[in-house]
There are 2 protein chains.
Amino acid sequence: MRTNFPFILLAVTAFCGLLQSSATADIKSEAIEYSDGETTLQGHVAFDPNISGKRPGILVIHDWMGVAPYSIGRAEQLAKLGYIAFVADIYGKGVRPKDPAEASALAGKYKSDRALLRRRANAGLQKLAQHPQVDSSKVAAIGYCFGGTSVLELARSGADLRGVVSFHGGLDSPTPADGKNIKAKVLVLHGADDPYETPTDIAAFQEELRAAKVDWQMVYYGDAVHSFTQPHAGNDKSKGAAYQEAADRRSWEAMKDFFAEIFAK
Amino acid sequence: MRTNFPFILLAVTAFCGLLQSSATADIKSEAIEYSDGETTLQGHVAFDPNISGKRPGILVIHDWMGVAPYSIGRAEQLAKLGYIAFVADIYGKGVRPKDPAEASALAGKYKSDRALLRRRANAGLQKLAQHPQVDSSKVAAIGYCFGGTSVLELARSGADLRGVVSFHGGLDSPTPADGKNIKAKVLVLHGADDPYETPTDIAAFQEELRAAKVDWQMVYYGDAVHSFTQPHAGNDKSKGAAYQEAADRRSWEAMKDFFAEIFAK
């Protein structure tokens with residue numbers, strides 16, 4: 001008998017945990033200005049300055065509230081995993097909605113002007129790639145709600161990404177033929193009871209990717225509605241948007257597995 | 001500067017890999033007889049005899065070819081992960097189809113007699129639980145194709161399982177109200193282009209789990225058809241059943257994450 005099974009697991013977990021925490025004690029997290037033509041944007045970078053060398057970069061595109069604590073917190077979580085994370089600003093410096101009504105109007109503006117949305121997302125991608133520690137051959141993008149829509153549009157623009165991950169994002173596309181431009185592998189993390197994604201839109205999205213021979217995966221989380229990763233959405237599922245702890249945790253793990261695969265070589 | 005990011009990953013991978021391989025050098029893998037009433041069954045157990053102590057048990061239910069090298073190979077892979085794995089025999093000792101025509105007839109017999117299928121699956125579960133090293137509070141079941149159908153029927157029978165995983169299994173149920181008996185968390189790994197699962201059956205299955213408030217997840221793998229985990233299915237997707245390396249690898253990782261969660265405490 002060599003050893004006990006639970007003991008092996010504990011030992012590995014403890015060892016890996018030790019390495020992880022020693023590498024993530026101090027995250028640098030700060031606002032950064034950049035621009036799209038005449039428009040000044042203000043994104044936010046997060047990384048662990050104690051790690052040397054180039055490493056993968058992750059673009060984070062915010063939900064309809066813009067560059068706000070939620071998206072910055074996700075970037076910091078990514079930084080703790082060892083990535084250079086950058087929250088792109090789609091709306092413009094100082095354009096920060098105060099409430100859902102303003103957020104809805106702003107997100108709607110960009111969702112109805114996909115060319116502008118793609119341009120802003122690409123501006124963020126370029127800013128991320130300029131970070132001296134980003135391995136520009138290893139870049140991916142994630143986004144929440146409106147940000148999920150945005151990373152899919154970024155992929156449809158033909159951006160050179162290894163992968164995109166949408167968390168409860170909108171899947172509809174006014175130009176499904178643009179699926180052929182997608183170079184990224186696509187992972188869609190979806191609340192099975194999300195009332196904002198119609199069966200028609202989901203079917204059209206899957207058909208877009210199928211027709212374009214994209215490498216795609218889509219996970220349906222049971223009993224999850226829109227915003228399932230967002231604690232501030234509350235827990236009343238009847239509103240159509242609510243936090244669901246298991247789906248939040250599982251979707252983050254799915255993203256980590258996806259990154260492990262796409263950045264493996 | 002503490003260290004380089006890829007170096008940390010390499011070090012952790014090397015360390016964990018070392019532990020894993022030292023714990024999995026010799027897998028014990030052998031046939032075991034048991035019974036369901038008057039019917040003699042012959043299953044197959046696989047485990048690492050070098051690990052001491054109780055640990056989780058995984059029931060494996062075979063595809064339509066019965067207890068054959070493919071399912072035994074999966075049990076051995078599970079044994080290498082540290083589990084006690086047991087391939088249940090649904091058909092009976094010596095009842096081993098020679099070709100797809102015989103396999104289809106046998107699988108059809110059990111799919112049209114769900115009570116018998118449940119009884120045989122439960123007989124396998126009881127045999128697994130009798131293994132002296134199985135922690136009977138930590139048992140799950142996985143199955144491929146016909147075996148996926150079978151583990152879902154096992155769950156619908158009310159079996160005391162932490163989880164079930166279906167790999168390209170049939171999802172239809174003649175008695176959807178039995179969803180209320182399901183205690184297991186459910187993970188369904190599905191080829192998005194599987195022609196054997198109709199949209200109607202998929203919708204009914206999801207509605208069954210939704211209505212019964214089951215904890216469920218379903219992953220759709222793009223460009224994957226039936227049998228996507230089975231190299232012997234070949235690679236001609238136009239036949240509706242074919243191997244797909246990425247979906248095989250990803251679905252196995254999804255199963256591992258699922259087990260890590262359900263056996264965590």
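Throughout, protein chains are lettered first and strands after them, A, B, ... in sequence-line order, and every chain is numbered starting at 1.
More than 12 heavy atoms of other shown residues, nucleotides or ligands fall within 6.0 angstrom of atom NZ in A:Lys180.
Annotation: side chain of B:Trp216 is not in contact with side chain of A:Tyr221 (no heavy-atom distance under 4.5 Å). Between B:Asp215 and A:Asp223, the closest side-chain pair of non-hydrogen atoms is not below 4.5 Å.
Within residues 235-255 of chain A, the residues having any heavy atom under 4.5 Å from a heavy atom of chain B are, by residue number, A:Arg249, A:Arg250, A:Glu253. The stretch residues 192-211 of chain A places A:Ala192, A:Asp193, A:Gln206, A:Arg210 near chain B, each with some heavy atom under 4.5 Å from a heavy atom of that chain.
Within the 4.5 angstrom heavy-atom criterion, only side-chain atoms of B:Lys185, from C-beta onward, approach chain A.
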